[in-house]
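Presented below is the structure to which this report refers.
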Amino acid sequence: MANINAYEGPADAGFGDYVALLKPRVMSLVVFTAFVGLWIAPQPVNPFVAFCAVLFIALGGGASGALNMWYDADIDAVMRRTAGRPVPAGRVTPQEALGLGIALSGLSVMMLGLAANWFAAGFLAFTIFFYAVIYTIWLKRSTPQNIVIGGAAGAFPPMIGWACATGGISIESLLMFALIFFWTPPHFWALALFMNDDYSKAGVPMLTVTHGRKVTRRHIFAYTLVLAPFAIWLGFTSVGGPLYLAVSVVLNALFILGGWRILCRDEEQAQADGYRVEKRYFRLSLYYTFLHFLALLLQHWVGGW
């Protein structure tokens, strides 16, 4: 756990620092996938209710980010990629991050229950708990499977959005979950291939640290093969259609091809070109999920099967 006494920074945090605590980049994917899950559900939702529901899901995602930054302040300070975050940089104290995370957690869950339904609100509460406690406090520092199991937290938002409209779970929402769940490990392992020194210095047992880059390359390719059937299967459900299916087939072909190229490389080749292939694959992974959910949204508008 972070040593809160080590981060007694000056009290000059700006509004942007508190926004940064909420991890807005991560929140943007949470908001978008939750919105798609809600909007393509079979039960129509009043636009104002939908707006409120997505807003409170976003606040719940931000609460998770603030709690993560509170607990991870010590390792964030060591890693080059995260050293500039508000807590390790000393602009926001850990106590403030913790307080903001707890306050937003309670507010988001309560308001989602009032705006949508209590099943969705309970689902959001479980998601915050899963990310802050199961992943951040337990898995992240204890096992190389941290990102595999912990990835479930990022896969829940479209299910929560779906639950806001329907009050339950279905095969469609489970497949949206599977799409993000199986995408998460290759996405983060690709990053770990060229940021391994950060994780090693921080003592985070990423797969690249515990088993080496060669094993990680094999795992990335294996997960692309597991991911593709679930992503394509979604195209044959009530929310799918020819447009989504075409997009998914192309994206998964590119993703598998990228995983194969990573598998076929050794460290000498990767270091020689500055991990060009790995960085390209990571950029592709950033578009992969967004384009799948955008295709679902467009398919809903034009009509499915």
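The chain is numbered in sequence order, starting from 1.
For the residue pair Cys164 and Ala120, the shortest heavy atom distance occurs at SG-CB, 3.7 Å. Closest approach of Trp70 to Pro94, counting heavy atoms only: CD1-O, 3.3 Å. Closest of all the heavy-atom pairs between Ala178 and Phe230 is CB-CD2, 3.8 Å. Closest non-hydrogen pair, Val45 versus Ala165, comes out as CG2-CB, 3.4 Å. Nearest heavy-atom pair, Ile134 versus Trp138, reported as atom, atom and distance to 0.1 Å: O-CB, 3.3 Å. Nearest approach of Ala58 to Val31, heavy atoms of both residues: CB-CG2, 3.3 Å.
When hydrophobic residues (I, L, V, M, F, W, Y) are linked wherever their side-chain heavy atoms come within less than 4.5 Å, the members clustered with Trp260 are Phe221, Leu225, Ile256, Leu263.
Leu207 is listed as a side-chain neighbour of His219, based on a closest heavy-atom distance under 4.5 Å. Side-chain contact between Val302 and Leu298 is absent, with no heavy-atom pair separated by less than 4.5 Å. Within the 4.5 Å cutoff, side-chain heavy atoms of Ile128 are placed close to those of Leu67. Inter-residue side-chain proximity for Arg81 and Met195 is flagged as met; some heavy-atom pair is nearer than 4.5 Å. Considering only heavy atoms from C-beta on, Ser108 comes within 4.5 Å of Leu124 through its side chain. Between Gln269 and Cys264, the closest side-chain pair of non-hydrogen atoms is not below 4.5 Å. Residues Phe32 and Leu294 form a side-chain contact, since some pair of their non-hydrogen atoms from C-beta on lies under 4.5 Å apart. Side-chain contact check for Ile75 versus Lys201: every heavy-atom pair is 4.5 Å or farther apart.
To the nearest 0.5 Å, atom OG1 of residue Thr224 and atom CG of residue Leu254 are 11.5 Å apart. Rounded to the nearest 0.5 Å, atoms CG (Leu179) and CD1 (Ile232) are 10.0 Å apart. Atom CH2 of Trp183 is separated from atom OG of Ser285 by 6.0 Å, given to the nearest 0.5 angstrom. The CD1 atom of Ile137 sits 5.5 Å away from the OH atom of Tyr71 when rounded to the nearest 0.5 Å. Atom-to-atom distance recorded for Leu234:CG and Leu245:CG is 10.0 Å, nearest 0.5 angstrom. One finds the NE2 atom of His187 at 7.0 Å from the CG atom of Leu191 (value rounded to the nearest 0.5 Å).
For NZ of Lys214, the number of neighbouring non-hydrogen atoms (other residues, nucleotides, ligands) closer than 6.0 Å is 12 at most. The environment of CZ in Phe188 is sparse: at most 12 heavy-atom neighbours from other residues, nucleotides or ligands sit within 6.0 Å. A 6.0 Å sphere centred on CD of Glu268 holds no more than 12 heavy atoms belonging to other residues, nucleotides or ligands.
Hydrophobic clustering keeps Val215 apart from Val277 (ILVMFWY residues linked when any side-chain heavy atoms are closer than 4.5 Å, directly or through intermediates). Note: the hydrophobic cluster containing Trp301 also contains Leu296 (ILVMFWY, side chain heavy atoms under 4.5 Å, direct or indirect links). Transitive grouping of hydrophobic side chains (ILVMFWY, heavy atoms separated by less than 4.5 Å) keeps Val19 and Met27 in distinct clusters. In the hydrophobic clustering of this structure, Val250 groups with Leu243; members are Ile, Leu, Val, Met, Phe, Trp, Tyr whose side-chain heavy atoms approach within less than 4.5 Å, directly or through other members. Clustering ILVMFWY residues whenever any of their side-chain heavy atoms sit less than 4.5 angstrom apart, transitively, puts Leu257 in a cluster other than the one holding Tyr287.
Within the 3.5 Å criterion, the main-chain N or O of Tyr131 finds a donor-acceptor partner in the side chain of Thr136. In this structure a side-chain-to-backbone donor-acceptor pair under 3.5 Å is missing from Asp198 to Met79. In this structure, the side chain of Asp17 engages the main chain of Gly14 through a donor-acceptor pair within 3.5 Å. At distances below 3.5 Å, not a single donor-acceptor pair connects side-chain atoms of Ser173 with backbone N or O atoms of Ile169. Remark: the backbone N or O of Leu29 is paired with a side-chain donor or acceptor of Thr33 at under 3.5 angstrom. No donor-acceptor distance shorter than 3.5 angstrom exists from the side chain of Asn68 to the backbone of Ser64, with no hydrogens or angles considered.
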Q: Give the C-alpha distance, both sets of side-chain angles, the deciding distance and a yes or no for side chain to side chain contact (heavy atoms under 4.5 Å, CB included) between Val239 and Gln299.
A: CA-CA 7 Å; Val239 299; Gln299 187 69 76; over 6 Å; no

Q: Take Arg80 and Asp197, measure what salt bridge (charged side-chain N to carboxylate O under 4.0 Å, His left out) needs, and give me the verdict at the end.
A: CA-CA 9 Å; Arg80 184 181 64 212; Asp197 290 345; over 6 Å; no

(Q) Using side chain to side chain contact (heavy atoms under 4.5 Å, CB included), reason through His300 and Val36 one step at a time and then give a plain yes or no. (A) CA-CA 9 Å; His300 178 73; Val36 173; over 6 Å; no

Q: Could you walk me through whether Val87 and Leu21 pass side chain to side chain contact (heavy atoms under 4.5 Å, CB included), step by step?
A: CA-CA 8 Å; Val87 179; Leu21 282 178; 3.8 Å; yes

Q. Going through the checks in order, is the side chain to side chain contact (heavy atoms under 4.5 Å, CB included) test met by Phe35 and Leu297?
A. CA-CA 9 Å; Phe35 169 74; Leu297 194 60; 3.9 Å; yes

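Tyr223 and Trp189 have their aromatic ring centers within a separation under 6.0 angstrom.
Below 30°, between 30° and 60°, or above 60°: for Tyr281 and Phe255 the angle between ring planes is below 30°, a parallel geometry. Using cut-offs of 30° and 60° on the angle between ring planes, the pair Phe126 and Phe129 is tilted.
Ion pairing between Asp266 and Arg217 fails under the 4.0 Å rule for side-chain N and carboxylate O. Under 4.0 Å is where a charged nitrogen must lie from a carboxylate oxygen, and between Asp76 and Arg85 at least one such pair does. Between Glu278 and Arg261, none of the side-chain N atoms (NZ, or NE/NH1/NH2) sits under 4.0 Å from a carboxylate O, so this pair counts as no salt bridge. Checked for salt-bridge contact, Arg141 and Asp74 meet the test: a charged N lies under 4.0 Å from a carboxylate O. Look at Asp273 and Arg280 and you find no salt bridge, because none of the NZ, NE, NH1 or NH2 atoms lies under 4.0 Å from a carboxylate O.
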Using a 3.5 Å cut-off and no angle test, enumerate the donor-acceptor pairs between side-chain atoms of residues 49-57 and protein atoms at least two apart in sequence or in another chain.
none

All N/O donor-acceptor pairs, side-chain side in residues 154-161, below 3.5 Å, sequence neighbours left out:
none

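By the side chain to side chain donor-acceptor pair (under 3.5 Å) test, Thr208 pairs with Asn196, sequence neighbours left out. Under the rule for a side-chain contact (heavy atoms from CB on, under 4.5 Å), the partners of Leu251 that lie at least two apart in sequence or sit in another chain are Val247, Tyr288, Leu291, His292.
Pairs passing the side chain to side chain donor-acceptor pair (under 3.5 Å) check and including a residue from residues 227-247, sequence neighbours excluded, read Glu172-Ser238.
Looking only at atom types and distance, the side chain of Tyr275 has a donor-acceptor partner in the side chain of Glu267 under 3.5 Å away.
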